[in-house]
Every structure is written in C-alpha cells, then in structure tokens.
Number of protein chains: 2
Amino acid sequence: MTTSEAPLTFVCRDEEQNTPSERALREGAELMFFGYRSFTQDPDKILSERDYGRAHHRALHFIGTQPGLSVAGLLDILDVTKQSLARVLKPLIDDGLVEQRVGENDRRQRLLFLTDDGVAFEERLSAPQRARLTRAFREAGPDAVEGFRFVLELMMDEEQRKQALTVIAGAKLP
Amino acid sequence: MTTSEAPLTFVCRDEEQNTPSERALREGAELMFFGYRSFTQDPDKILSERDYGRAHHRALHFIGTQPGLSVAGLLDILDVTKQSLARVLKPLIDDGLVEQRVGENDRRQRLLFLTDDGVAFEERLSAPQRARLTRAFREAGPDAVEGFRFVLELMMDEEQRKQALTVIAGAKLP
DNA sequence: CATTTATGTCAACGTCGCTGACATAAATCG
DNA sequence: CGATTTATGTCAGCGACGTTGACATAAATG
C-alpha cells in the first residue's frame, strides 16, 4: 500500500504562489520515464513474438476503440506520417487483424475495423496494462487517480489536450 | 484551470471493492500515451538539431543527477544493452558533453561526469519539460501531484519500483 | 597465476520515426 | 464537363535506437 519508504518531496505548499521545488520537478520527470517504461514493457514482449512493435499496438488500440476510423483519422490521432502508418497498417491487414471497408458516404475512404483475431490480439496486448492500471488505481485510491489524470492532462498543450480529450471521450466501444 | 469540459469518468467509488471501470482503464492508458508524448516532444525537437535522440537525453539526465556514475550503473538505470549505451555515450564524449574519469578505487571503472557544455545542454533539454511539469503541478495542486506520483509509482513492479525510488532518492545534486 | 569484472568494440539485424516524390480513385468546384 | 482537391497507397532512402553474439583489454581478485 504505502510505497513511501523513500519519502519523496513532491509538494511545496504555499497556497497561491505554489511553485514546485527543483527536486519535485526532477522526481516528476524521472517518474514519467520509469512509469512509462513499466507501462509498456509487457505488451512490448508480446509484440516482439510476431515482429510487431509498439506502433502496432497503438494502431490496434485506437481502431479498436473507434471502429470505422478512417486512415486520416488514425494519422491524426497518432501524429505520424502516412508512410510510418502504412508500414504498421499493412502487416496488420495482411495478417488479418485489421479490416478495411470502403466508406459509404465517401468511397475514397478506407474505414478501419478490427477483425475477431484483431480484437483478441488487442485484448491480449492491453490485458497486462489494464492489470497494472487496475492495481495502481485500486491501491492509490480514487483521489490519487483524479490527480494522476489531472496532471497528465495538464502536461499537454492546450490544443493537444483538446484533441486528446475528444479522442478519449469519443470511444465508440464500452 | 478546469479541463473537465469533457468530463471523464475515472473513478468508481465503492470503497473497499474499489474496481476501476473499463472506461477508466482505457482513459488511463490513453492518457499515458498522450501525456508521455507531450512530455517528450520539446526535447525531441532540440535533440534532432544535433543528430541526437531521446536516449542521449536520458544519459545526460542521469549522469547529471548522479555525477560519477559508472557505465555499469548507467546501464542498470537505463536497462539497455552495453552496445546501445555505447552508441549514445561515444558521441556525447566525442562532442565534449560527457567526460570519463578513471575510478580511484577501481581503475577499471570509467566514471561519468557532465562537462560544462554537457550541463548547459542538459538544462536546455529539460527546461521545457520542467516548464510543463511546473505548469501542470501548479494548476493541478499538491494533492493531485501526490496522486500523480502515487499512481506512476504503482505502475511499476515491486522490484522496478524499488530501484526507481532508489535512483530518484539518490540524486547527488540539489 | 587463473578467473572474474568493467569496459569497449565489431558485425548484423529489426522497428519505427522521417522526407520527398509519385500514382490512383473519388469527390468537388467553377 | 473538366480541373482541382482530397483520401489513400507506395517507392526509395535515411537516421535513431534497441537487440544478439562474439571478442579484446585492463584491472581486480582469489
């Protein structure tokens, strides 16, 4: 429960003129590094079984949560070049994890969907991450989770945050 | 201040049987992705001016906070192979940002230090990250920051967390 | 003196970003 | 209708950064 054996000096309470200490900033940066690395390590292992990488997971994730996403829409979320995405998407399609359907309104569009295999593989990838989040959220408690969310949101620029929150809120699944 | 225009449903309060919702888990995972990307984007730009990458920043950061770190110690923190580190460390040394000194007790060791140029460049790299953290910590408030830290800590496995907290607590600088 | 440890280095490989250019099909505009 | 724009795909080439496996050297250690 308590991980504060080595007490971190994160906070610097002086109400309005609330300025984080040098130490708090360094600790925050290092926690971002260590935390993100832990968060991604399990799916990375699974992905390497199949010559996939983290980018494949990201594509599967967002196609999964937003079925019918266009290629342009996915490019926008991932913020990579068309060529980078193509090298990820093509194998996923060839391997039968992602399916493309021609758009009904706009027949230039290739709308993206997960196949059953795609859904299964995506769930296998995200299961360990969900387990990590579940454990962390449980042990940290609802208020800590609120804080976690709040700080990560504020890490983004205004515009990125707007887009990210739109994406997060716009999931078509559960 | 308030970014909750699109209210996220993060928390699932049922006291003891506190289980995060499906939606909360997905949101958490996506925030990790978007947040980390935002966090690294500024230094990434600066690094690309010089044919450096994120790995160079990490090396500079940890050498900066733990001057006199051995190569093995840095390998342990970064958890990469010797060869991966070598390809990062060599240019930093050649470019005069990192200096090696033979260990006094153990003359096989090459202890790592930042040169003045190294300190300056590292500060340039981390400045935008510190600015992000400062803004986020200020706006989110001390309790949110506590929660942020707590959740990220709990994201790690027992062992990794122990090591990370040791590294974080063991900074020889401020 | 033999072994282990700390470090460096070589070759080869794969993922995943990037740029720039070009091609096709479909929508849209004048 | 014809010209332009849009959505997508694809080719060639490059760089960063991770991997494995093998080998070399110098210094510490038993």
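Reminder, nothing fancy here: chain letters follow the sequence lines and each chain counts from 1.
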**Item:** Interatomic distance, A:L75 CG vs C:dC18 C1' [rounded to whole Å]
**Value:** 14 Å

**Message:** What is the distance, to the nearest angstrom, from the CD atom on A:Q83 to the P atom on C:dT19?
**Reply:** 8 Å

**Pairwise 5' ranking along DNA chain C for B:K82 and A:E104, keeping only the more 5' one** = B:K82

**Asked** Can A:T19 and B:R138 be counted as having a side-chain donor-acceptor contact under 3.5 angstrom?
**Response** yes

**Request:** Provide, to the nearest angstrom, the distance between the CZ atom belonging to B:R87 and the C1' atom belonging to C:dC10.
**Result:** 12 Å

**Opening and closing nucleotides of DNA chain D in contact with chain B, under 4.0 Å to non-hydrogen atoms** = D:dA16 to D:dA28

**Asked** Which part of the nucleic acid, if any, lies within reach of B:S48 when heavy atoms closer than 4.0 Å are counted: base, sugar-phosphate only, or nothing?
**Response** nothing

**Message:** Using whole Å, what does the distance between atom P of nucleotide C:dC16 and atom NE2 of A:H57 come to?
**Reply:** 12 Å

**Request:** Could you verify whether a donor N or O on one side chain and an acceptor N or O on the other, from B:Q41 and A:Q160, lie under 3.5 Å apart?
**Result:** yes

**Request:** Assign B:R54 to base, sugar-phosphate, or nothing according to its heavy-atom contacts below 4.0 angstrom with the strands shown.
**Result:** sugar-phosphate

**Prompt:** What is the distance, rounded to the nearest whole Å, between atom CG of A:L78 and atom C1' of C:dG17?
**Reply:** 12 Å

**Asked** Once you round it to whole Å, what is the distance between C1' of C:dG17 and CD of B:Q41?
**Response** 15 Å

**Request:** Report the residue (A:R110 or A:S84) whose heavy-atom-nearest nucleotide on DNA chain C is the more 5′ of the two.
**Result:** A:S84

**Message:** Quick check with a 6.0 Å cut-off and a 45 degree axis cone: is A:R149 positioned over the face of B:F148's six-membered ring?
**Reply:** no

**Item:** Pairing residues for B:R130 by the side chain to side chain donor-acceptor pair (under 3.5 Å) criterion, not counting sequence neighbours
**Value:** A:E22

**Request:** For B:R58, report the nucleic acid contact type (base, sugar-phosphate, nothing); a contact means any heavy atom under 4.0 Å.
**Result:** sugar-phosphate

**Message:** Measure CG/A:L92 against C1'/C:dC16 and give the value in whole Å, please.
**Reply:** 13 Å

**Request:** With sequence neighbours excluded, tell me which residues meet ring-ring contact (aromatic ring centres under 6.0 Å, His included) with B:F62.
**Result:** A:F33, A:F34

**Request:** Using heavy atoms to find the nearest nucleotide of DNA chain D for B:H56 and A:Q100 separately, return the residue whose nucleotide is more 5′.
**Result:** A:Q100

**Asked** Parallel under 30°, tilted from 30 to 60°, perpendicular over 60°: which one fits the rings of A:F39 and A:Y36?
**Response** tilted

**Asked** In Å and rounded to the nearest 0.5 Å, what is the CG to CG distance from A:L60 to A:L92?
**Response** 5.0 Å

